[in-house]
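Below is one structure, written out as structure tokens; the observations come after it.
To find a chain, count down the sequence lines: A is the first, B the second, and so on, and within it residues start at 1.
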Amino acid sequence: EDQVTQSPEALRLQEGESSSLNCSYTVSGLRGLFWYRQDPGKGPEFLFTLYSAGEEKEKERLKATLTKKESFLHITAPKPEDSATYLCAVQAFGNEKLTFGTGTRLTIIP
Amino acid sequence: DTEVTQTPKHLVMGMTNKKSLKCEQHMGHRAMYWYKQKAKKPPELMFVYSYEKLSINESVPSRFSPECPNSSLLNLHLHALQPEDSALYLCASSHPDRLAKNIQYFGAGTRLSVL
């Protein structure tokens, strides 16, 4: 069975304090690993998808990386508007289903 | 444009009511999904439609009845719900055929309260 574990569960940072979120996974043939951002009461917003070990994607202050066992979401010099829950999900080949982790609640303090 | 539109945004219903949630996308996606999300939990898959056919039903109680009238629309019919069914209901869509893609785009959700 596919599994995704995210850590930490919650993270509080000062504005400008860089850090990383972790997503560890086990999957029977990775088709893709997905990062989403979710604000309270809203639907998840797609950020990145990664397909193979060594791949990296960047968008503004966010950078996602992938190895064969885990993915990191690096946040550089975060701003208060980066506060949200960040969800990681994996999809296996031959499976339409996304398996989500429980998320990391990120709070950026001004 | 990666917009998935869900209506209504909020819904309050009694346990004897019948109501429907609606989801619409115009991205040409041929897979559509219903998820249920409780507070501080990740989304849980309920149903998947692929090319307007139900392909996954995650053992959801029959008081939830999905319908896919065409490739752009997805409905979720609700009947005789329980208070524990109160949650955020999310719709998503993706294009399942594109190799190495299949990115699911989510709507803003319907906040459902069952009294």
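Comparing A:Glu96, A:Lys42, A:Glu45 by how many heavy-atom pairs each has under 4.5 Å with chain B, the most go to A:Glu96. In terms of non-hydrogen atom pairs under 4.5 Å with chain B, the most contact-rich of A:Gly103, A:Gly101, A:Ser52, A:Pro40 is A:Gly101. Of the residues considered (A:Leu98, A:Thr99, A:Asp39), A:Leu98 shows the highest number of contacts with chain B, using heavy-atom pairs under 4.5 Å. The greatest number of non-hydrogen atom pairs below 4.5 Å with chain A, out of B:Glu58, B:Arg111, B:Glu44, is found for B:Glu58. Contacts with chain A were tallied for B:Lys40, B:Gln37, B:Lys41; B:Gln37 has the most, counting heavy-atom pairs under 4.5 Å.
Between B:His29 and B:Ser94, the side chains place no donor N or O within less than 3.5 Å of an acceptor N or O (distance only, hydrogens not considered).
Clustering ILVMFWY residues whenever any of their side-chain heavy atoms sit less than 4.5 angstrom apart, transitively, puts B:Val60 in a cluster other than the one holding B:Leu90.
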Q: For side chain to side chain contact (heavy atoms under 4.5 Å, CB included), just list the numbers for B:Leu54 and B:Cys68, CA-CA rounded to whole Å, side-chain angles, deciding distance to a tenth of an Å, and then say yes or no.
A: CA-CA 8 Å; B:Leu54 184 65; B:Cys68 190; over 6 Å; no
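For a residue to count as touching a neighbouring chain, one of its non-hydrogen atoms must lie under 4.5 Å from one of that chain's; by this rule A:Tyr36 touches chain B with the side chain only. Proximity to chain A involves both the backbone and the side chain of B:Gln104, based on heavy atoms less than 4.5 angstrom apart.
You'll find the side chain of B:Leu112 reaches within 4.5 Å of the side chain of B:Leu78, heavy atoms only. Counting heavy atoms from C-beta on, the side chains of B:Val4 and B:Met27 come closer than 4.5 Å.
Using a cutoff of 4.0 Å between basic side-chain nitrogens and carboxylate oxygens, A:Lys97 and A:Asp2 are not scored as salt-bridged.
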